[in-house]
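These numbers come from a predicted model, not from an experiment.
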Amino acid sequence: MKTEAAHYFSRELLNWYLANKRVLPWRMNRDPYRIWVSEVMLQQTRVDTVIPYYERFMDKFPTLTALAEAPEAEVLKCWEGLGYYSRARNLQAGAQEVVSRHNGIVPDHKESVAALRGVGPYTSGAIMSIAFNRPEPAVDGNVMRVLSRYFLLEDDIAKPATRVKIEKLAASLIPEGSAGDFNQALMELGALVCTPKSPGCLTCPVMAHCEGRMAGMEHTLPIKTKAKPPRPETRLAALIVGTGELAGMVLIRQRAETGLLAKMWELPHVLAPQSAESIIKPKGRGRKAAAEDANATATASAGSLQSVHSLQSDILCRTLSEEDGILVRPTGWWGEAEHVFSHIVWDVQVFKAEFGFFTSVDQSPSEAQSPMRAAAPKAAAELVGMLAAEQRSFYELVDGIPAELGETKMLPPNYRWIGVQQMKELAFPNVFLKLLGEYWHAIEQ
DNA sequence: TACCCGTGGAC
DNA sequence: TGTCCAAGGGT
């Protein structure tokens, strides 16, 4: 059953959309492949951000077959900077499924589309309605906000059950024969008028019967529980520069096939142990205050930030040898960068380092020669003490590596030396794109 | 269910 | 500067 208010809502919204819809590159036609790519890119991503990526992507992979047959690395490179990289790999996997299971034609069949990799309830509904005009709901954050306000729904939209409920409502509102336009109208209204912060009720085509607005609740709806704040992590990264024949090159590594930033390239880095992190970032304090603390502590003990950096670079090199089996020696602190994920915040401390062997025995740290040892903050003293013995033998090992072995034979399979040119071929997360960009720029001078 | 997955813009 | 959050899906 459909109430009078619902009829009014659907009609007015649809008319508004037809008169006000934006011109967007994925609205040129109703090619299911083009719709599909746009919907995946638009997941958790703004229209303005997506447009240039979409243009480049469709230019490079104009057809579903082209995408299915492309090297995965090229797809990932095309997605570089857009985030949520599993979307790119799942999209290609989905395209390959269409090739193998549906003769390369996106099926006009709800269950088949929904079964494709990376296609969930929203994307399935979007493809079915926009490309095939099938009366399926496509409920995203916009739709939940618009309908929560219009029908004064106080369900928590962060809960999956709420999306299911709103899907049923949205399905009941689809006007005969206009599923694609109506679903896009709901999202367009949410994006342009019924916005999260300051909804433009005065220009809203359905203001007259909006229950949320009539109750004065347009600013409090929708109800949404707050997300957990991201956990902070200090990452110790190595900018390992080549010497001799490898001068001008940098050592990078590729991440694992699953998980965070899967298959992306990066500077080698390790998680700073809690004990070391707490020296720099006392609990519950901001980074700035923490840095001042570190300064103050270090100054008081006649060491300075240098001592903290020395401790960190020792941990970095030791952990890198343990975890990846590569032997490097730090040559100094290089820089810092922040990287914010949905659930983690990285404070990346970058240390310059050299690979493999060292010719000068004088560079070998010892109790007497390492300023960091003598000057380490009290909190670090214990940790330094524990590490000292291992540390000495570690550097003795590093110093003993012959040059030719160090430079060529001892790279793990996921490690590569690159010059500035390979940056165009390999996909990096933004933080390493930025850091490496700064490095190439610096050595140009 | 509750996490895990990026990034940038707006306020 | 911090906070929210954007056309979500996978596990």
Using the P atoms only, state how far dA6(C) lies from dC5(B), rounded to an integer number of Å. 22 Å
Nucleotide dA6(C), atom C1' - distance to CD of Q44(A) in whole Å: 6 Å
Just to confirm, is there a sub-4.0 Å distance from OP1 or OP2 of dG8(C) to any side-chain nitrogen or oxygen of R117(A)? no
Would you say the rings of F432(A) and W265(A) are close, in the sense that their centroids are separated by under 6.0 Å? no
Separation of L192(A) atom CG from dG9(B) atom C1', in whole Å? 16 Å
With a 3.5 Å cut-off and just heavy-atom distances, do the side chain of T49(A) and the base of dG8(B) make a donor-acceptor pair? no
At under 4.0 Å between heavy atoms, what does V340(A) touch on the DNA or RNA strands: base, sugar-phosphate, or nothing? base
Would you say the side chain of T45(A) and the base of dG6(B) hold a donor-acceptor pair, judged only by whether the two atoms sit under 3.5 Å apart? yes
OP1 or OP2 of dA6(C) under 4.0 Å from side-chain N/O of R145(A): yes
For dC5(B), take OP1 and OP2 only and decide whether either is under 4.0 Å from a side-chain N or O of H343(A). yes
Taking atom P of dG8(C) as reference, at what distance in whole Å does atom CE of M187(A) sit? 9 Å
Does R22(A) reach a base, just sugar-phosphate, or nothing at all? Heavy atoms under 4.0 Å. base
Just to be sure I understand the rule, does W26(A) reach a base, reach only the sugar-phosphate, or reach nothing, if contact means heavy atoms closer than 4.0 Å? base
Once you apply a heavy-atom cut-off of 4.0 Å, does G81(A) come out as touching a base, just sugar-phosphate, or nothing? sugar-phosphate
Within this structure, what is the CG-to-C1' distance between D48(A) and dA10(B), rounded to whole angstrom? 12 Å
Phosphate contact (dC4(B) OP1 or OP2) by S86(A) side-chain N/O below 4.0 Å: no
Parallel under 30°, tilted from 30 to 60°, perpendicular over 60°: which one fits the rings of W346(A) and H269(A)? perpendicular
Does a salt bridge link K197(A) with E218(A), judged by any charged N lying under 4.0 Å from a carboxylate O? no
Return the value, rounded to whole Å, for the distance between atom CG of L261(A) and atom P of dG10(C). 19 Å
Taking the ring centre of each residue, are H339(A) and F341(A) less than 6.0 Å apart? yes
To the nearest angstrom, the NZ-C1' distance between K197(A) and dC4(C) comes to 5 Å
Give one of base, sugar-phosphate or nothing for I130(A), where a contact means two heavy atoms less than 4.0 Å apart. nothing
Could you walk me through whether W334(A) and Y439(A) pass the side chain to side chain contact (heavy atoms under 4.5 Å, CB included) check? CA-CA 9 Å; W334(A) 193 76; Y439(A) 176 70; 3.9 Å; yes
Atom NZ of K263(A) and atom P of dG6(B) are separated, to the nearest Å, by 14 Å
Applying a 4.0 Å non-hydrogen cut-off, can you work out what T123(A) is touching in the nucleic acid: base, sugar-phosphate, or nothing? sugar-phosphate
Using atom CH2 of W79(A) as one end and atom P of dC5(B) as the other, report the distance to the nearest whole Å. 18 Å
Regarding K226(A), tell me which of base, sugar-phosphate or nothing describes its non-hydrogen contacts under 4.0 Å with the strands shown. sugar-phosphate
Is the distance from OP1 or OP2 of dG8(B) to the nearest side-chain N or O of N430(A) less than 4.0 Å? yes
Contact class for V47(A) vs. all strands (heavy atom < 4.0 Å): base, sugar-phosphate, or nothing? base
Compare side-chain N and O positions of Y53(A) against OP1 and OP2 of dT7(B) and report whether any pair is under 4.0 Å apart. no
Nearest-nucleotide check on DNA chain C, S38(A) vs L116(A); residue mapping nearer the 5' end is S38(A)
Would V139(A) and L186(A) count as a side chain to side chain contact (heavy atoms under 4.5 Å, CB included) here? Give the steps. CA-CA 9 Å; V139(A) 174; L186(A) 272 174; over 6 Å; no
Which nucleotide wins on minimum distance to the side chain of R87(A), given the candidates dG6(B), dG9(C), dT7(B)? dG6(B)
